[in-house]
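The block underneath contains the structure these notes are about, expressed in structure tokens.
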Amino acid sequence: MLIATWNVNSIRARLPRLLAWLQKRQPDVVCLQELKVEEAAFPFAELAAAGYHAAVCGQKTWHGVAILARSEPRAVRRGLDDDPHDSQARLIAATVDGIRIFSAYVPNGSTVGSDKYLYKRGWLTRLGRRLRLQEDLGQPLLLAGDFNIAPQERDVHNPRQWEDSVLYHPQMRQDFQELLACGLIDLGGSHLPAGTYSWWDYRQLSFPRNDGLRLDHLLATPMLTSRCTEVLVDRDERKGDTPSDHAPVLARFF
DNA sequence: ATGGTTGCTTAGCAA
């Protein structure tokens, strides 16, 4: 079983690449982030033709997450669902082939100390509460997505340059560890070599210089982690015409 | 050096 996560940075802009990549990799489940469309404008027909069901939590212009799956997603739940005033579409959950799957788009946080940064910290706390209170963490569960956090020094090409950034600030790394303390394991942290990145800024030739960060993660409960045989980043998807700034991350399970 | 690139929406924001 092959499960992937990919921040596509607009599903409309990325649809031709996404369809070609699905054909190439044949993943069973794909967690998508940054759709930038309402559910009504989501390309259900094109993905169905490619063999995928889709559970979508969309939003106009910003954010938006989905779970694509060859099997029909069950028990779909949209949003963090704890605050009626929070309309940001950043989380969707569904059960696929007996695994509870989450696709998450953690807030970027802008700059340390900003309102958006406080929202990011609060959102991570709320996500942890949701997992602890409402999910059975003894069952196979996979939380995948763009966390906008590089967890370790080995996940940043130039750590000193990024120390003050919301993507690598020590507080962010601590918040990430507290999320793991729910009972999740970062599959990339153990299966990927140091210096494996999933995001490179569009600016300043970051990708050719490999000035990247590992921001996209698959977090699994212990029994599911023991079934993981390999994790890889599909670096080729950051190359060529009109790439997303993120590359897909894939994990294989037996 | 507060730059630079992309996408959504069409001037400015978010990432």
Side-chain angles (χ1 to χ4, degrees), chain A residues 5-21 31-43 46-47 56-66 79-80 86-92 103-124 127 144-151 155-158 160-169 171-173 175-176 197-217 233-249:
Chain A
T5 183
W6 193 7
N7 178 327
V8 289
N9 185 20
S10 166
I11 192 158
R12 285 178 293 189
R14 221 63 60 205
L15 187 60
R17 281 193 82 124
L18 174 61
L19 292 171
W21 178 79
C31 296
L32 297 174
Q33 301 87 34
E34 274 210 271
L35 305 176
K36 297 186 173 180
V37 284
E38 296 170 290
E39 186 169 356
F42 187 87
E46 292 88 340
L47 289 161
V56 177
C57 180
Q59 180 177 341
K60 184 180 165 72
T61 310
W62 289 305
H63 323 311
V65 289
L80 212 35
D86 186 354
S87 57
Q88 297 192 19
R90 295 183 176 277
L91 189 74
I92 188 167
S103 178
Y105 178 43
V106 175
N108 172 286
S110 187
T111 54
V112 174
S114 66
D115 288 348
K116 290 188 173 74
Y117 174 79
L118 297 177
Y119 179 75
K120 180 182 192 175
R121 292 205 66 197
W123 199 90
L124 288 163
L127 177 60
D146 174 7
F147 288 78
N148 272 312
I149 299 171
D155 301 318
V156 184
H157 182 69
N158 186 347
R160 273 186 299 176
Q161 175 192 315
W162 289 93
E163 191 80 21
D164 297 329
S165 159
V166 290
L167 304 178
Y168 184 60
H169 189 274
Q171 182 67 64
M172 286 293 97
R173 284 180 270 158
D175 287 357
F176 186 81
Y197 312 127
S198 67
W199 173 84
W200 300 260
D201 199 301
Y202 281 127
R203 297 165 288 189
Q204 299 182 300
L205 299 172
S206 297
F207 184 65
R209 295 189 295 110
N210 196 30
D211 183 11
L213 285 76
R214 190 172 69 93
L215 305 180
D216 301 271
H217 311 304
V233 175
D234 215 338
R235 217 171 173 282
D236 286 349
E237 285 306 316
R238 187 60 176 79
K239 302 175 183 173
D241 288 336
T242 63
S244 169
D245 44 354
H246 294 254
V249 185

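Labels below follow one simple rule: chain letters A, B, ... track the order of the sequence lines, proteins then strands, and each chain is numbered from 1. Computed over heavy atoms, backbone and side chain alike; hydrogens, waters and symmetry mates excluded.
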Any base atoms under 4.0 Å from A:Y105, or only sugar-phosphate, or nothing? Heavy atoms, all strands.
sugar-phosphate

OP1 or OP2 of [N] versus the side-chain N and O atoms of [X]: is any pair under 4.0 Å?
X      : N     : value
A:T242 : B:dT6 : no
A:K60  : B:dT9 : yes
A:R14  : B:dG7 : yes

Can you tell me which nucleotide in [options] comes closest to the side chain of [X]?
X      : options              : value
A:R203 : B:dC8, B:dA14, B:dT5 : B:dT5
A:Q204 : B:dA15, B:dC8, B:dG4 : B:dG4
A:A13  : B:dG7, B:dT5, B:dA14 : B:dG7
A:R12  : B:dA14, B:dC8, B:dG4 : B:dC8
A:Y202 : B:dC8, B:dT6, B:dA15 : B:dT6

Report the distance from atom [atom1] of [X] to atom [atom2] of [N], rounded to the nearest whole Å.
X      : N      : atom1 : atom2 : result
A:R238 : B:dT5  : CZ    : P     : 12 Å
A:K116 : B:dC13 : NZ    : P     : 10 Å
A:Q88  : B:dA14 : CD    : C1'   : 11 Å
A:E38  : B:dG7  : CD    : P     : 20 Å
A:W62  : B:dC8  : CH2   : P     : 13 Å
A:D164 : B:dT2  : CG    : C1'   : 14 Å
A:N7   : B:dA15 : CG    : C1'   : 9 Å
A:H63  : B:dG7  : NE2   : C1'   : 14 Å

When the nearest nucleotide of DNA chain B is assigned to A:I11 and to A:D201 on a heavy-atom basis, which residue is associated with the more 5' position?
A:D201

Taking [M] as the reference, what is the distance to [N] when you measure between their [atom1] atoms (whole Å, please)?
N      : M      : atom1 : value
B:dA15 : B:dT9  : C1'   : 16 Å
B:dG4  : B:dT10 : P     : 23 Å
B:dA11 : B:dA1  : C1'   : 24 Å

So A:D234 and A:W21, do their side chains get closer than 4.5 Å, heavy atoms only?
yes

Donor-acceptor pair between A:E34 and A:N7 side chains, under 3.5 angstrom
yes

Is a side-chain donor-acceptor pair under 3.5 Å present for A:Q59 with A:S87?
no

Using modelled atom types and a 3.5 Å cut-off, is there a donor and acceptor pairing between side-chain atoms of A:R14 and backbone atoms of A:N9?
yes

Give a yes/no verdict on a cation-pi contact between A:R90 and A:Y105, requiring under 6.0 Å between NZ or CZ and the six-membered ring centre and an angle within 45° of the axis.
yes

Ring centroid separation A:F207 to A:W200 under 6.0 Å
yes

